[in-house]
Structure formats: C-alpha cells, structure tokens
Number of protein chains: 2
Amino acid sequence: MRRGSRRGDILDAFTAMVAERGYDGTNFGDLAAGLGLSKGTIVHHFGTKEQLLTELHETYMRRRLAEVRVVWDALPGPAQRLAAFLHLGVRYQVVDRTATIAFQREVRRFAAAPGMETSRGLRDEYRQLVVSVLTEGERTGDFRPGDARLRTLQLFGSVHWMWTWFDPAGAEPVAAVAASYVDTYLGGLLADPSRAADLADPAGAVVAVVDEALAAGRAVAGLDADEDVGPS
Amino acid sequence: MRRGSRRGDILDAFTAMVAERGYDGTNFGDLAAGLGLSKGTIVHHFGTKEQLLTELHETYMRRRLAEVRVVWDALPGPAQRLAAFLHLGVRYQVVDRTATIAFQREVRRFAAAPGMETSRGLRDEYRQLVVSVLTEGERTGDFRPGDARLRTLQLFGSVHWMWTWFDPAGAEPVAAVAASYVDTYLGGLLADPSRAADLADPAGAVVAVVDEALAAGRAVAGLDADEDVGPS
DNA sequence: CAGGGTTGACCGTGCGCCCGGTCACACCGC
DNA sequence: GCGGTGTGACCGGGCGCACGGTCAACCCTG
C-alpha cells in the first residue's frame, strides 16, 4: 500500500523464483518479464542480485525469531519449548512455504558470503536458543544427558531436509509429520519417554501455542497467503 | 591405478570441484586447468557436464549400496540394522567425504532431471531398505509403532544435513556424532530404550560391522584416500 | 597408417549490470 | 494559478564477459 509496494512485489517474485529454480537459475530477465517491468527497474530498487538474496534471508529469519519469541514466553519448561521448536520447524513447510524453500535450499552456500553477516547472526541466534533449551533441560533432569550441540544439529537436519520431499498437497498433513518427528525425537531425549506423546499431540497444549505464534507472525507480515510453490 | 586413469582423474577432479563450488560453480575451464589439460579433452571423455554429474551420482550410490549389503548380511535384527545405517550415514562425512558433499549438496535439484533415472532408482532402493527395516522392526516389536516412511525421512534429514556443519579436522570425531545420533534416534524408536546405548557404542558390535563394511567398500574403490575438501 | 587422445581457436548464448533518458508528480516563489 | 525545479520510479538497449560445447588439425602408439 505504501510507497515501495513495487519493491515488495519484486522481492516476493524473486523469492518464488529462487524457491523454484535456485539462486543461479533465477535471472533478472525472467523476473522482470513476470512482473511486467524491465530489468533496469529491478536494479534500480535493489542494486544487485546479491542484495535481493540478502533481504530475502534477513526478512525470513526475522519472521522466524518473532514466532519463537511468542512460544518462548508462553511455554515455561524446556521439554515444551523444544517440542514447540520442532513443531514450528515442520510447519514452515506450509506456513511460509515459498520463502522457506528459497531460504533452506541453499543456506549453507551463502552462509559465509560477504554481506550476509546479519542474516548469519540471526541464524546463530536461532540455533543458540535451541542449544540453550537443551542444556537447560539436561540441567533440570527433563532430558537424558548428552551433547546439546549435536542434538540441535540433528534436529535442524531433519527439519531442513523436509522441503526436499514434503508435498503440501499430498495425503500426509503437516501436523502428522510434526507429531511423528516430535514423538521420535523427544522420545529419545526425555528421561521419561512417556511424556513424548503428549508433547507431540496435534490437539495438545504445545501445538495450541504454536498455532498462536504462527497466527501472530502472519498478522505482522500482512497475511500473505502461502501459495503452493513446488521446487523443481 | 584405475582403468582409464585419465577418465578417473577427471571425474575425481570434477567431484572435488562440485563439492567445493556446487554444480553451477563448476566449469570446464578451471577443471581442465587444474588437471593440466584442455577443455576439449574433458568433452571428449564425457560429452557433457551433465554426464559427469550422472556418473558421479551413480558411482556414489553404488558404493553405498555395496556397503549396505555387507551390514545387511552381518546383522540379523532390525534394531542393529537400523543403527548400522545411521552409523554409516554419519561416517560418510569422513570416509568418502568429497563425493558425499558433491552428492548431497544438490541431490534434490537433479532428482527429476532426465538421464538421472538410474541414480534415482539406486536412491529409491537405498531408502526402501531403511523403510523395510523400520516396518520389520515394528512387526517384531523392537520398535514402537509409528510411520516408517516419516521416520526414515527424519533419519535421512539429519544425516544429509551434516555436510553443512561437520568439520573432519574439528574436535568432534565422527564416531562421537554417530553415537549421539544413534542414541537419540534409536532411543526414540525402541520399545526398550535402554538398548540404545549398546547400539550406539563406538566400541560395540554394530560399529565393528560398520567398520568392516567401509573397509570392504574402500578396497573395491581402489583405496583412494579421502582428502579434506571443505565446501565453501 | 589407423585411430584414439589431445589441443586450442572459435562460436553462440545468456546473464548481470550500466546508463542515458522519459515521465509523473510534489513542492516552490510569485 | 503557473512556470520552474527537483525527485524518483521506470524504460530498454547494450556492453562485457564467462561458459558449454564444436571442430579441424595434430601427435602418439601399436
């Protein structure tokens, strides 16, 4: 609505194209053609292709951190918090799908790129939150002792791999995937594994908070519907 | 040492470059320069860049399936087999590192590409083995009931994400990572979680078989040392 | 001398980015 | 109200380059 709606359109289209084709496969020509404007206009707004990517990454991570803040405040215990993180991670395959794919498919490649310091900082912040939840849970005795960093990376891996196979139009609903992941993962961590079922339950308290966080996030972003962009 | 040493050299160099820069970042010019020959020679041997990638993928998957066959024969129970799969998956970050990174960093992108049918078939075969181990283990009562496919994908995810962060020269030895992953994952699956520690143990029976399988695989490939190629 | 291995000049294409310029509009003193 | 001045979105052609791939000729080796 404001000045710069054009800018937003360009970033959105860029995001969609990166999700479909990857960064290298995305070019100004097709992007401009799809938007009905010229290559020069895109350059005018963003300067370089790299800048487009930087903004994509930063806005993405900021949305994620905002959501985490909500669950963090609403859920006290480390077990609930960890379960919520996992539920959230899985939900991104549907909630903010296009951006999620665009972001996840090549994160590693751009992690060390110049100009990406900010977004890398945000990612570190996110990861650190999970690590601290794990160490906290070990301290309280909720979790069996173990390496918090490795466990974090194990969790991140399963979530970051999802864009690879998950089909939002498929038979398997996201909630079911999240439930399965939480059940298995938390089952392996909890000192009392019988608690896992409750934390995984799609109708349980944890998921209720997760839904709330996602709704809040969508409100901030301006309720952009998540279209069904499938990567190629 | 290998038949068509020239061809082998080119494929090895290609693999190393893809691991470092990705497929798009890999070009004939640099590749040829690095090998001390001309672009034309590479084209003469392989025809297209795509062909290089196809061979990389197929040889990679064949090596992996050969290893799996060894553990499959040596280990009877589903719990042991599953643990061995995970140990193997983690070990690839060191054993066949360069090829592993070249393979994993963009698998998804080329999954549906024409000419990749064979390698995709091999990947399906590999995945199906894990799924069948999981269903078998559920039948025998070793594992708690759950969705075998989702659990497989969860496992694959954590393993496929490793190239992203694992540093073979770092303080954390692979065996420790594997132990942690197995302990957590199997702990979440087993009807009797106390069995997990034994399956994860780096000095245990499962790992012994895994080592054997990897040694056998390396013998077939012609004992190429695994250099420390770090992705960028 | 046959034929595979190798060369290096060359081609066509696609892409990121630049740049001179148009146009609509807001703001100004008069 | 009106000419003048500035601003910023947008255009579109094109430069320069890098890359995948071609090709005709050369050089060994058996």
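Atoms considered below: every heavy atom in the structure, side chains included; atoms not considered: hydrogens, waters and symmetry mates. Just so it is clear, the structure is predicted and the values come from calculations on it, not from any experiment.
Under the side-chain hydrogen bond (donor to acceptor under 3.5 Å, both in side chains) criterion, B:Y60 pairs with B:R64, B:T100, not counting sequence neighbours. The side-chain hydrogen bond (donor to acceptor under 3.5 Å, both in side chains) check on B:E117 picks up nothing, with sequence neighbours excluded. When the salt bridge (charged side-chain N to carboxylate O under 4.0 Å, His left out) test is applied to B:R123, no partner is found at least two apart in sequence or on another chain. Shown here are the salt bridge (charged side-chain N to carboxylate O under 4.0 Å, His left out) partners of A:R91, two or more places apart in sequence or in another chain: A:D211. Scanning for ring pair (Phe, Tyr, Trp, His ring centres under 6.0 Å) contacts around B:H160 gives A:W161, B:F156, with sequence neighbours left out. With sequence neighbours excluded, no residue satisfies salt bridge (charged side-chain N to carboxylate O under 4.0 Å, His left out) with B:R69. The salt bridge (charged side-chain N to carboxylate O under 4.0 Å, His left out) check on B:E212 picks up nothing, with sequence neighbours excluded.
Atom CE in B:M17 sits about 10 Å away from atom P in D:dC19, given to the nearest Å.
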Quick one: what's the B/S/- string for nucleotides 5-20 of chain C, heavy-atom cutoff under 4.0 Å, read 5' to 3'? SBBB------SBB---

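Of the residues in residues 52-59 of chain A, not one places a heavy atom less than 4.0 Å from an atom of DNA chain D.
Here the side chain of B:S132 pairs a donor or acceptor atom with the backbone of B:L129 at under 3.5 angstrom.
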